Amino acid sequence: MSQNNEIEAKIILPKAIYLKLCHDFPLKHSFNQENYYFDTSDGLLKQSNISCRIRLFADHAEQTLKVPNKNPIQKDFHEAIEINDSLKLNEAKAFIKRGAAGSPIIFKYSAGKYLNQKFSQKLNLHLQTYCKTHRILANGPKNCELTFDDNTYPDNYEDFELEIENCNPDLIAETLAKLKKEYQFTQNYANTNQAKIARAYIHRVRI
């Protein structure tokens with residue numbers, strides 16, 4: 001189990017700029033991941049600004065809650081508390097298979113404990129939607145890690161995203177300003193801090 005305060009800038013980019021960024025910065029790691037999102041049938045988590053997912057990797061898995069930070073340390077970027085539990089891959093796949101069949105899921109471990117305390121009951125969560133991502137981690141300016149995501153949603157819609165996550169918001173701001181200037185992309189409401197879960201809901205189909 002881990003818990004951390006996540007601060008990040010998220011920008012959806014045109015494909016050409018995304019590909020140039022991927023090419024220009026030194027590769028640290030690349031991998032595929034699948035993100036499966038859960039909520040109650042009446043959207044109780046969404047109403048509370050909580051996102052709940054199980055993420056599959058090649059040889060392991062994790063479940064994550066993202067919950068609002070009541071005392072954010074900055075105001076310029078997205079900030080949330082992340083609660084993570086490691087899962088065995090076969091355990092996570094069994095959860096997802098049950099969810100895809102329409103069966104409710106009750107989360108365990110620290111994520112389940114948080115939900116039980118928050119809502120004073122064991123929530124029956126249902127698989128709502130998903131997103132599949134090819135993720136590239138790169139070494140950016142001043143060794144600030146850059147994350148490049150190529151995302152595909154249930155209706156086969158694809159988008160391309162830059163994430164800059166760091167505990168130092170000043171470094172995020174400096175890095176983002178440098179990239180915007182050099183690669184000539186702009187930010188607006190439609191392309192900034194748009195959570196994957198929200199896009200996965202927009203592009204979901206019947207599971």
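Predicted model, so just to flag it, every value in this text is computed and none were measured.
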Can you tell me how far [atom2] of [Y] sits from [atom1] of [X], rounded to the nearest 0.5 angstrom?
X    : Y    : atom1 : atom2 : value
D85  : S2   : CG    : OG    : 8.0 Å
S51  : K196 : OG    : NZ    : 11.0 Å
E161 : N191 : CD    : CG    : 10.0 Å
F95  : L127 : CZ    : CG    : 12.5 Å
D150 : C22  : CG    : SG    : 8.5 Å
E62  : F57  : CD    : CZ    : 4.5 Å

Between [X] and [Y], does any side-chain donor sit less than 3.5 Å from a side-chain acceptor?
X    : Y    : answer
Q194 : R199 : no
N84  : E82  : yes
E145 : N166 : no

What do you reckon, is NZ of K28 surrounded by more than 12 foreign heavy atoms closer than 6.0 Å? yes
Using modelled atom types and a 3.5 Å cut-off, is there a donor and acceptor pairing between side-chain atoms of [X] and backbone atoms of [Y]?
X    : Y    : value
Q47  : D42  : yes
D149 : N151 : no
D39  : L45  : yes
T192 : N188 : yes
Q63  : K108 : yes

S86: what forms a side chain to side chain donor-acceptor pair (under 3.5 Å) with it, not counting sequence neighbours? none
Minimum side-chain heavy-atom gap Y130-I96 below 4.5 Å: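 The answer is no; the side chains never approach within 4.5 Å.
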Got D76 and P169 here, is their nearest side-chain heavy-atom distance under 4.5 Å?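 Result no, sub-4.5 Å side-chain heavy-atom pair not found.
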Would R135 and E163 satisfy salt bridge (charged side-chain N to carboxylate O under 4.0 Å, His left out), going step by step from the backbone distance to the final call? CA-CA 10 Å; R135 170 161 285 187; E163 293 185 7; 3.7 Å; yes
Using side chain to side chain contact (heavy atoms under 4.5 Å, CB included) as the criterion, point out the one residue from R53, K132, K93, R55 that pairs with Y36. K132
Distance flag, aromatic centroids of F38 and F107, threshold under 6.0 Å: yes
Given the rule that I, L, V, M, F, W and Y join up when any side-chain heavy atoms are under 4.5 Å apart, are I81 and F119 in one cluster?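 I81 clusters together with F119.
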Linked hydrophobic residues, Y201 as query - side chain contacts closer than 4.5 Å: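 Taking Ile, Leu, Val, Met, Phe, Trp and Tyr as members, Y201 shares its hydrophobic cluster with Y37, I197.
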Taking the hydrophobic residues Ile, Leu, Val, Met, Phe, Trp and Tyr, and joining any pair whose side-chain heavy atoms are under 4.5 Å apart, which ones share a cluster with L13?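 Members besides L13, by chain and number: I7, I11, I17, Y18, L19, L21, F25, L27, I73, F77, I136, L146, F148, F160, L162, I164, I172, L176, L179, Y183, F185.
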